[in-house]
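Below, read A as the first sequence line, B as the second, and so on, with proteins coming before strands; counting in each chain starts at 1.
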Amino acid sequence: MKTPLSENDVRKLRAGEIVFLSGTLFTARDQATRRLLEKSNAIPKNAAVYHCGPLAKKKNKKWKLVSAGPTTSARMNALLPSLIKKCGVRAIIGKGGVDAKTKAAMRGKCVYLAAVGGVGALYAKQLRVRSVRWLELGEPEALWELDARSFGPLIVAIDARGKSLY
Amino acid sequence: MKFSQVSLLTQKILLEAQTRLPAVVERALRAALKREKSKLARLQLKTILDNVALAKKEKLPICQDTGFLEFFVEAEKDFSLIEKGIRDGVAKATREIPLRPNSVDALTRKPLHANEPIIHFISARAKRARLTLFVKGAGSENQTGIFMLPPTSKKIEEAVILFVKNHAAHACPPVFVGVGIGGNAERALCLAKKALLRENERSRNPANAALEKSLLRKINALGIGVMGLGGLTTALGVRVETAATHTACLPVAVTLNCWALRKASAKLK
């Protein structure tokens, strides 16, 4: 599938399906998610947000990902309903799932894609760094804009109809 | 012993622990793949094993969370020299492997752009001097609990299973479950960590081994499965360590570790 995803695209996905994503992704975990609620135009509408604090290396002024698997989505639970509403997020990629309030906020417009936890080296090979902002939050917490090429496998773990595998 | 030798040894075991999964852990993952029938469990276990092979081949950290760096120093003397060597080795490995700069100020959350190691010193005879590293991701460390049970309680197993039931999905299962029983509160937590570092899968103490076996069976019956998406394998192993406690105390500590049980150890010379 290609990002940005439309509302229609995500409504078609069913819990249990396996997908590979290509196109732009934005990483945002604890600190970046908090900041996105104040600066919602920092990412475009219909974005795919990846719960990931990458391990990256800077060589000749260019960032390269070394290891970039998912982080626990539940830590961001309290912020996610507002994030979906304010930023129009279409897909959340992470691990471990989200709570009932977030699930309700996702209904009809957003899916949760489960990446395999700990698979950092392999996923990093499928992702390139396009830009990075908010590095003052620290490398793991910054807002990384990534170019994905067949990023996966990802599992539709909570679909837009509210069906969940957890 | 020289400062530079300790620094080099630290860098060596950091590279080993971050990029090569212990053989016994890889075997446990393969055994789980053989057992699993669910499509999603199998796909994820295969992806995990592909990642382990790639990390080993290209010397890449298995997981982007290069974790807490916890060192256990067993030595007779030279503690301050060893500590300096470890700190130097951690700083160099952070730049060179590289490792993710994970440390932040606890209250302001300001990034320190570095890794602050946790170092324990244990007295040992000079010929038994060792440096052991335990790499534990935050997702696993966050899933840690301590219960001060009534001393006559028969509910040790129940407490451990309930904890695993509520927390395993967030710790990148299939998990390893470290259980520490006895001592005082912080001793019990150390025992749970020590259990995860133990070499042999089953305790040599028959009572502990029986508890490990029973817990493993009951935990795998929970059906949480790989990454919480269901299946037969919720835990790859359960390890119990015990110590003497106070007659009026029964501390039980549980700490979960993701499938990537990362550790390495070397002789200190």
Side-chain angles (χ1 to χ4, degrees), chain A residues 15-18 27 29-31 34 50-59 64-75 77 94-98 114-125 127 134-142 144 152-158 164-166, chain B residues 18-19 21 39-40 43-66 94-104 109-114 137-140 142-143 167-173 224-230 258-260 262:
Chain A
E17 281 182 322
I18 292 151
T27 72
R29 43 188 276 163
D30 312 67
Q31 306 291 343
R34 193 170 285 280
Y50 183 22
H51 288 159
C52 168
L55 163 55
K57 191 177 193 168
K58 202 173 189 179
K59 214 176 169 185
K64 191 173 182 271
L65 294 183
V66 180
S67 198
T71 194
T72 310
S73 300
R75 284 201 320 275
N77 267 338
K95 71 173 179 80
V98 291
V116 186
V119 178
L122 191 134
Y123 284 138
K125 296 273 180 199
L127 302 165
W134 306 349
L135 269 174
E136 67 278 12
L137 298 174
E139 279 172 37
E141 303 288 344
W144 297 82
L154 306 171
I155 297 162
V156 181
I158 306 170
S164 167
L165 301 183
Y166 294 102
Chain B
Q18 298 284 0
T19 63
L21 202 61
K39 181 181 138 198
L40 293 182
L43 170 75
Q44 295 187 96
L45 285 168
K46 276 186 199 156
T47 309
I48 285 170
L49 286 162
D50 286 349
N51 182 60
V52 169
L54 175 70
K56 186 172 164 185
K57 189 172 147 228
E58 298 195 15
K59 292 196 166 89
L60 297 168
I62 293 167
C63 181
Q64 76 291 339
D65 186 1
T66 48
T94 297
R95 282 194 304 272
E96 280 155 33
I97 293 177
L99 305 178
R100 200 174 67 178
N102 275 337
S103 300
V104 303
R109 307 310 292 182
K110 210 175 150 234
L112 303 176
H113 303 289
S140 294
N142 281 338
Q143 313 310 327
H167 294 85
H170 296 151
C172 280
I224 295 167
V226 182
M227 297 298 144
L229 297 176
C258 60
W259 59 263
R262 291 165 286 176

Using a 3.5 Å distance criterion without hydrogens, assess whether the side chain of R100(B) forms a donor-acceptor pair with backbone atoms of P140(A). no
Please check: side-chain N/O of D65(B) versus main-chain N/O of T71(A), any donor-acceptor pairing under 3.5 Å? no
Do side-chain atoms of Q64(B) reach the backbone of G69(A) as a donor and acceptor pair under 3.5 angstrom? yes
According to side chain to side chain contact (heavy atoms under 4.5 Å, CB included), who are the partners of H170(B), at least two apart in sequence or on a separate chain? T72(A), A74(A), Q143(B)
Side chain to side chain contact (heavy atoms under 4.5 Å, CB included) between L54(B) and K125(A), intermediate numbers included: CA-CA 10 Å; L54(B) 175 70; K125(A) 296 273 180 199; 3.9 Å; yes
Which heavy-atom pair separates P61(B) from S67(A) by the least distance, and what is that distance? O-OG, 3.0 Å
What part of I48(B) lies closer than 4.5 angstrom to a heavy atom of chain A: side chain, backbone, both or neither? both
Nearest heavy-atom pair of C172(B) and G117(A): which atoms, and what distance? SG-CA, 3.5 Å
At a heavy-atom distance under 4.5 Å, which candidate from A260(B), G228(B), A55(B), P98(B) has the highest pair count against chain A? P98(B)
Options P153(A), S164(A), G16(A), G138(A), ranked by heavy-atom pairs under 4.5 Å with chain B, top entry: P153(A)
Side chain, backbone, both or neither: which part of K110(B) has a heavy atom under 4.5 Å from chain A? neither
4.5 Å side-chain heavy-atom contact, I18(A) and K39(B): yes
Taking it one step at a time, do V116(A) and N51(B) satisfy side chain to side chain contact (heavy atoms under 4.5 Å, CB included)? CA-CA 10 Å; V116(A) 186; N51(B) 182 60; over 6 Å; no
Sort T19(B) into side chain, backbone, both or neither according to what part of it lies under 4.5 angstrom from a heavy atom of chain A. neither
Are any of the side-chain heavy atoms of V104(B) and Q31(A) separated by less than 4.5 Å? no
From CG (L229(B)) to CD1 (I155(A)), nearest 0.5 Å: 5.0 Å
Tell me, for L112(B) versus chain A, whether the close heavy atoms (under 4.5 Å) come from the side chain, the backbone, both or neither. neither
R29(A): partners by salt bridge (Lys or Arg N to Asp or Glu O under 4.0 Å), with sequence neighbours left out: E141(A)
Sort out for me which of I224(B), V52(B), N102(B), L99(B) touches chain A most, counting heavy-atom pairs under 4.5 Å. L99(B)
